[in-house]
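Read through the structure below, which is laid out as structure tokens, and then see the notes.
A, B, ... follow the sequence lines: proteins, then strands. Residue 1 opens every chain. Just the heavy atoms: all of them, side chains too, but no hydrogens, waters or symmetry mates, feed the values below.
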Amino acid sequence: MAIARARIKSVGAAQSPLLGAAMFTPAVLYILLLVAGPFSLAFLYAFSDARIGNTEMHYVGLENFRSILKSPSFRMAIRNSFIFTICSQIVVIVGANILAIALEKTFRGRGFIRFLILLPWVAPIALGAIGWKWILDSIYSVISWVLVALHFYKPFNAPMWLGEPHLAIASVLLVHSWRLMPFSTVLLLAGRTAIPKDIPEAAAVDGAGFWRTQFQIIIPMMRPILSVAVLFGLIFTFTDMTVVYILTAGGPFDSTQTLPSLAFAMGIQGSDLAAGAAISLFLVPLLIIIAYFMLRVAHRAEVN
Amino acid sequence: MWGKVVHVLVITVFTVLLAFPFYWMVITSFKQNVDLYTMENNPFVFNAKPTLDHLKFLFTETRFVRWLANTTFVGIVVVAITLVLAVPAAYSLARLSGRWGERLGIAIFLTYLVPQTLLFIPLSRVVAYLGLQDSLWALILVYPSFTVPFSIWLLMGFFKSIPKELEDAAMVDGLTRFGAFAKMVIPISTSGILTVVIFTFTLVTQEFVYALTFISSESNQMIGTGIPIFLVRGDVYYWGALMAACLIASLPIAFLYNLFLDRFIAGFTVGAVK
Amino acid sequence: MAVVETRSLTKVFKEGELGAVNSVNLETREGEFLVFLGPSGSGKTTLLRMIAGLETPTSGEILIGGRVVNDLSPRDRRIAMVFQSYALYPHLSVYKNIAFPLKAQKVKKDLHKQKVEWAASLLGIGALLDRKPRELSGGERQRVALARAIVREPAVFLLDEPLSNLDAKLRASAREELERFHRRVGTTTIYVTHDQVEAMAMGDRVLVLNKGVVHQLGTPTEVYDNPADTFVATFLGSPPMNLAELSDVIVGFRPEHFRPVSSVNGEAVAFRFKVENIEYLGSEWIVSGTPASGKLGGQKVFSRLNSAQDLSLGGTYDFAVPQCELKFFDRSTEKRVEPKVVSWQ
Ligand SMILES: Nc1ncnc2c1ncn2[C@@H]1O[C@H](COP(=O)(O)OP(=O)(O)O)[C@@H](O)[C@H]1O
Ligand SMILES: [Mg+2]
């Protein structure tokens, strides 16, 4: 038996590099071709004059970046991207922590409640956004109807949720938070459930009340999972164009434009691939920072 | 006592806020137009008899069914490609390459973080170059680039939880390494593989940017793009039909996703929860 | 310092099922080291957690220092608890772990350092204060948990199998250390274990539990020498007390009292004993076999001897038990009864 094992081991060791490589190479190649490839192309285009319908292109240096940086739409897009991302993260983390605490207890109907709460994350976001577009409709908005019924506004005088810049920004923010809240909640819930029950009990015996236990013991212990939730949240919001595209298409007057939606508007709708590519490259620095922190979390998890 | 009241209150408020749009889809889907578009009506209740007109309209006057079929077709093919690429890769990274495999696994996971909105511009040209504009095959080609990385990551965790002794025993009993993988590991991993199937399928239905960029004709749309773009004629919104379409497309996916939620979460936690 | 008392304390987890703790009455003495001893699942932890306030009793009362504390939260009961897993806060340094109860109890900040250092030096972990729990060995973790418990000077200590995570060697020294620690601080302590050696060695008194019911509360010698019923008689001692059913009573005797006739003085009951197995344990021998005849005929009986060198496997010998070492139990209630005259034939 011992001999048989030893022989198998040596055989395995001898073939495993080859077999192993054969097993993961196709996947790695596919990903390289379709992620790393276009990623490099994006850089190439950003320094060129590529346009849709024109197969030729030339090196133009920093020209695209120069004209982008001059454009007010671009500055608006950068600003909005950060506003949407940061504000929605704040809303989401506060809300998700509260909701996760509430969901930690078992109660009747918890499974169904979880299903309802998850809907915004699970349903295709394009469709959820359409739902909101109807809720925020300029004439038939149910929110407006309630406000009118409560006499905050006169009939036909209710705010245009998606038609006024500030309200439109608030609306996009709302939908982003709505969409991400379930995701963060279930992550945090998983983090909470993983904490051994005797830790909060020890804290209770040591004299800590609810808030102290939460803020000084539980939430600090959940730091890795909180970071993961925030990092994913940042990426999902920062790189999303679906919500803006469907709710406002960047309007009114570019007031809700974000980097991805502007890249789409210029690069695809405006046929200026080079400009679009250059705009989307502004996503990269934040992505690198997030990847760095994600690696750190994964590395820590691996070490412990 | 107070704790209980607060608990119920928190759950209720959040559930209402989060689920409201879907409730709204339900109620809108079954309301007559006169009811929907009369501003004096209380929108929370049926002021006129409920109707199936919107559903009828959706299934007979629009390409909704076609979009469902397109999405299912793309979903199935992408699932197949994903499995073929991700299962062996995940296994070899989990087993054969040791620590180095862990690193590579994380690197592949990171590519999942590269967003569609960064790649759609160059890819649009690649797709044009391959002559795949306005073809579902463009989506079938490109979607695995984000379904494979996450699936590898999910499956790696799964394979690592299968004791190595099992394969050792199988090899001692006469199977090759690959035989042990195919005849022992795969059958044990059906639930992990099912997880990947569901997850891939939901990613395909949720995708928007590539479908919007590569597909132009009405009959080639996926549900995610067809509903918001082609159910609107000019500036006219068929809200009843729109909401019905959203609901029909969302609920099955939501249901499936819920069944496997814990496994997806385990994938998303990057090992931060043990 | 305080006395813990429970009155008809009961915990039923699922309605209709047997309670995990059933109508337990107990009273500690001031400064006593009381051990809850019982097999796994006997309700020790549940009983302790009710005293701590981590579990709500189904019925009954808990008193600490003469005051009913049923409605007080754990933090208001002036107790400290050491958990089986130690439940150290993994993200806090040893210093902050020990200081946590002080912070939580709003002890003045300038006293923290002094108190933490006092507790740490008491347990000899002064050098570890900057470490994180994961950088500690099992024994060190246990001491940190104790320091965290002692620092707030509680009225009662509750410990739930605190040694079960240590390896055998460490466990012996940690046990000794705990005893020394208790002698020094003199705080009323309730200690849960399923290990009878621990219970006998450490307890001033031992409370024997089974299926949530108290079988006996007494000093280690009382529970060992005068078990209240057959459960206590067989749960304590290794090998357990030999039991024999004789007409309307059960008679028991400890293996150490069942020895060759030559070494038994005074009035005794004698058997012909066929030796079937001999185990050498270093300082003693465990001999088992069956009496050749009489009511015990065919039943396995243990003997514990200092030397078994003159016995051989398969041999038959004359053994005896002194009359005064026989314990009598009622056959239906299994409770201890007065000695009787019984027929062994
Ligand atoms: N939270 C709980 N829910 C249901 N049953 C429980 C719970 N905690 C303990 N029990 C049951 O109560 C009995 C006593 O458990 P416990 O007090 O942990 O025993 P011990 O500590 O003596 O091993 C066991 O049968 C156990 O299954
Ligand atoms: Mg226990």
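In this structure, chain B has a heavy atom under 4.5 Å from the side chain of A:Y30, while its backbone stays farther away. The contact between B:L17 and chain A is made entirely by backbone atoms, counting heavy-atom distances below 4.5 Å. Only the side chain of B:F44 comes within contact range of chain A, judged by heavy atoms closer than 4.5 Å. Looking at A:L287, only its side chain comes within 4.5 Å of chain B, counting heavy atoms on both sides. The parts of B:N42 that come within reach of chain A are both its backbone and its side chain, each placing non-hydrogen atoms under 4.5 angstrom from that chain. Both the backbone and the side chain of B:L113 come within contact range of chain A, with heavy atoms under 4.5 Å apart. Residue A:W145 touches chain B through its side chain alone, counting heavy-atom pairs closer than 4.5 Å. Interface residue A:V228: only side-chain heavy atoms are found under 4.5 Å from chain B. Contact of A:I130 with chain B is made through backbone and side chain together, with heavy-atom distances under 4.5 Å. Neither the backbone nor the side chain of A:R192 comes within less than 4.5 Å of any heavy atom in chain B. Only the side chain of B:L261 comes within contact range of chain A, judged by heavy atoms closer than 4.5 Å. Contact of A:I31 with chain B is made through the side chain alone, with heavy-atom distances under 4.5 Å. Interface remark: B:F214 contributes no atoms to any contact with chain A (heavy atom separation under 4.5 Å). The part of A:Y245 that comes within reach of chain B is its side chain, from C-beta onward, which places non-hydrogen atoms under 4.5 angstrom from that chain. Proximity to chain A involves both the backbone and the side chain of B:I253, based on heavy atoms less than 4.5 angstrom apart. Both the backbone and the side chain of A:F115 have a heavy atom closer than 4.5 Å to some heavy atom of chain B. Only the side chain of B:I108 comes within contact range of chain A, judged by heavy atoms closer than 4.5 Å. Proximity to chain B is limited to the side chain of A:M181, based on heavy atoms less than 4.5 angstrom apart. Residue A:A50 touches chain B through both its backbone and its side chain, counting heavy-atom pairs closer than 4.5 Å. Contacts of B:Y129 with chain A are absent, with no heavy-atom separation under 4.5 Å from either backbone or side chain. At a 4.5 Å heavy-atom cutoff, A:I279 makes no contact with chain B through either its backbone or its side chain. Heavy atoms of A:V28 lying under 4.5 Å from chain B belong exclusively to its side chain. Only the side chain of B:F22 has a heavy atom closer than 4.5 Å to any heavy atom of chain A. The contact between A:I268 and chain B is made entirely by side chain atoms (from C-beta outward), counting heavy-atom distances below 4.5 Å. If you measure heavy-atom distances from B:Y23 to chain A, you find no contacts under 4.5 Å at all. Heavy atoms closer than 4.5 Å to chain A are found in the side chain of B:S124, but not in its backbone.
Side-chain atoms of B:T82 and B:T147 include a donor-acceptor pair closer than 3.5 Å.
The main-chain N or O of A:L259 is found under 3.5 Å from a side-chain atom of A:S81 such that the two form a donor-acceptor pair. Looking at B:Q206, its side chain does come within 3.5 Å of a backbone N or O of A:V122 through a donor-acceptor pair. Without hydrogens or angle criteria, B:T71 side chain to B:I223 main chain gives a donor-acceptor distance under 3.5 Å. Formation of a donor-acceptor pair under 3.5 Å by the B:Q116 side chain with backbone atoms of B:L118 is not found in this model. Remark: the backbone N or O of B:L18 is paired with a side-chain donor or acceptor of A:W178 at under 3.5 angstrom.
Note on A:F107, A:Y140, A:W132: by heavy-atom pairs under 4.5 Å with chain B, the leading option is A:Y140. Highest contact tally toward chain A, considering only B:P149, B:A245, B:G224, is held by B:P149 [criterion: heavy-atom pairs under 4.5 Å]. Contact tally against chain B (heavy-atom pairs below 4.5 Å) for A:I135, A:V284, A:L231, A:L116: the top residue is A:I135. The greatest number of non-hydrogen atom pairs below 4.5 Å with chain B, out of A:V297, A:I125, A:T185, A:L99, is found for A:L99. Chosen from B:L212, B:V126, B:I265, the residue pairing most often with chain A at heavy-atom distances under 4.5 Å is B:L212. The greatest number of non-hydrogen atom pairs below 4.5 Å with chain A, out of B:L242, B:T225, B:L141, is found for B:L141. Of all the listed residues (B:P43, B:S250, B:P228), the one sharing the greatest number of non-hydrogen pairs under 4.5 Å with chain A is B:P43. Of the listed residues (A:P120, A:S40, A:S227, A:G191), the greatest number of heavy-atom pairs within a distance under 4.5 Å of chain B belongs to A:P120. When the candidates A:L283, A:L41, A:T239 are compared by the number of heavy-atom contacts under 4.5 Å with chain B, A:T239 comes out ahead. Of the listed residues (A:A36, A:P182, A:G267, A:A263), the one with the most heavy-atom contacts under 4.5 Å to chain B is A:A263.
The shortest heavy-atom contact between A:D240 and A:T258 is O-OG1, 4.1 Å. Of all heavy-atom pairs spanning A:A46 and A:L281, the tightest one is CB-CD1, 3.6 Å. Scanning both residues, B:P252 and B:L247, for their nearest heavy atoms gives CD-O, 4.4 Å. Closest approach of B:M25 and A:L127 over heavy atoms only: CE-O, 3.6 Å. Heavy atoms only, all atoms of each residue included: B:A94 and B:K160 are closest at CB-CG, 4.0 Å.
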Hey, mind stepping through B:L123 and A:L34 against side chain to side chain contact (heavy atoms under 4.5 Å, CB included) and telling me if it holds?
CA-CA 8 Å; B:L123 277 176; A:L34 283 153; 4.0 Å; yes
For a side chain to side chain contact (heavy atoms under 4.5 Å, CB included) check, start with the C-alpha distance between B:Y143 and B:L203, then their side-chain angles and the critical distance, and finish with the verdict.
CA-CA 9 Å; B:Y143 282 178; B:L203 282 181; over 6 Å; no
Side chain to side chain contact (heavy atoms under 4.5 Å, CB included) assessment of A:I246 paired with B:F208
CA-CA 11 Å; A:I246 288 186; B:F208 181 76; 4.0 Å; yes
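B:F146 and B:Y210 have tilted rings, their planes meeting at an angle from 30° to 60° on a 0 to 90° scale. Under the 30°/60° scheme for interplanar angles, the aromatic rings of B:F268 and A:F232 are found to stand perpendicular.
In A:F210, the CZ atom is crowded: over 12 heavy atoms of neighbouring residues, nucleotides or ligands sit closer than 6.0 Å.
Aromatic pair A:W121/A:F236: centroids less than 6.0 angstrom apart. Not less than 6.0 angstrom separates the ring centroid of B:F260 from the ring centroid of B:Y257.
Rounding to the nearest 0.5 Å places CD1 of B:I121 at 10.0 Å from OH of A:Y45.
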